[in-house]
Amino acid sequence: MKNQKPIQDYYPDELSYCYGCGRNNEYGHHIKSYWDGDETVSHFTPKEYHIAIPGYVYGGLLASLIDCHGTGSAALAAYKAENRQPDTLPAFRFVTASLQVDFLKPTPLGVELELRGKIVEVKGRKVITEITVSANGEITVKGKVVAVQVPETFLK
Ligand SMILES: CCCCCCCCCC(=O)SCCNC(=O)CCNC(=O)[C@H](O)C(C)(C)COP(=O)(O)OP(=O)(O)OC[C@H]1O[C@@H](n2cnc3c(N)ncnc32)[C@H](O)[C@@H]1OP(=O)(O)O
């Protein structure tokens, strides 16, 4: 992971305004996804205002983290499946088709969260990933993301 450029930094400028992961969105979360062995990883520290009940993280934020780490992981997996680097063409751009989230335990505020992604399937234009969120080494949330390559019509 060290010295790796996150996949989101390869997205073109005009596609980098996503609230979850767009580097050009000054209000967004700026989620960054990397390979760590066969898994993908991302880290995020919620702000004090990302609160649900006192002391715990808002579930909608956690879903957002899973969403964008899932689409980022999909892009990483698609390049890997073709044995290509992310700066090569044609570029892979994914959006979320389906997002499932299970909140297993309350997620504490005030600590860095770790997201880890497993690539379940790469098939045609679709990549399925399973994402966990951990706080203090304990998994608190699990998610499944179906990401599909953006149709050309979406980008016009
Ligand atoms: C672009 C660069 C990065 C930008 C920022 C990253 C994004 C951050 C995450 C987001 O928030 S994205 C915003 C929320 N998502 C959307 O607005 C997507 C809206 N939905 C669509 O545009 C279309 O439904 C979609 C492109 C996702 C799929 O339409 P298609 O017509 O291209 O899909 P198609 O029917 O050809 O199906 C392709 C595969 O995906 C599967 N699929 C499609 N929708 C599904 C679904 N909802 N659940 C499960 N699987 C689904 C489908 O079964 C099929 O699998 P198989 O190849 O195995 O047959």
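In listed order, ligands and their atoms are each counted from 1. The model shown is predicted, which means the values in this text are computed figures rather than measured ones. Throughout, numbering of the chain's residues begins at 1 and tracks the sequence.
- Every atom of ligand 1 with a heavy atom of Arg93 under 4.0 Å away is listed here by number and element: 1 (C), 2 (C).
- For Ser16 and Gln8, the side-chain atoms include no donor-acceptor pair closer than 3.5 Å.
- A salt bridge does not link Glu130 to Lys118: none of the charged side-chain nitrogens sits closer than 4.0 Å to a carboxylate oxygen.
- Taking 4.0 Å as the cut-off, Phe94 counts as a neighbour of ligand 1 on heavy-atom distance.
- Here atom 50 (N) of ligand 1 lies nearest to Val146 when heavy atoms of Val146, Leu15, Thr71 are compared.
- By the 4.0 Å heavy-atom criterion, Gly124 is excluded from the residues contacting ligand 1.
- Applying the 4.0 Å criterion to heavy atoms of Tyr11 picks out, from ligand 1, the atoms 3 (C).
- Taking NZ of Lys32 as the start and NZ of Lys5 as the end, the distance is 10.0 Å to the nearest 0.5 Å.
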Pairs of donor and acceptor atoms involving the side chains of residues 44-66, under 3.5 Å and at least two apart or interchain, shall be tabulated with distances.
residue : atom : partner : partner atom : Å
His50   : ND1  : Lys47   : N            : 2.9
Ser64   : OG   : Gly60   : O            : 3.2

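- For the ligand labelled ligand 1, residue Gly20 lies outside the 4.0 Å heavy-atom shell.
- Counting heavy atoms under 4.0 Å from ligand 1, residue Val148 touches it through the side chain alone.
- Taking Ile, Leu, Val, Met, Phe, Trp and Tyr as hydrophobic and joining them when side-chain heavy atoms fall under 4.5 Å apart, one finds Leu104 in a cluster with Ile139.
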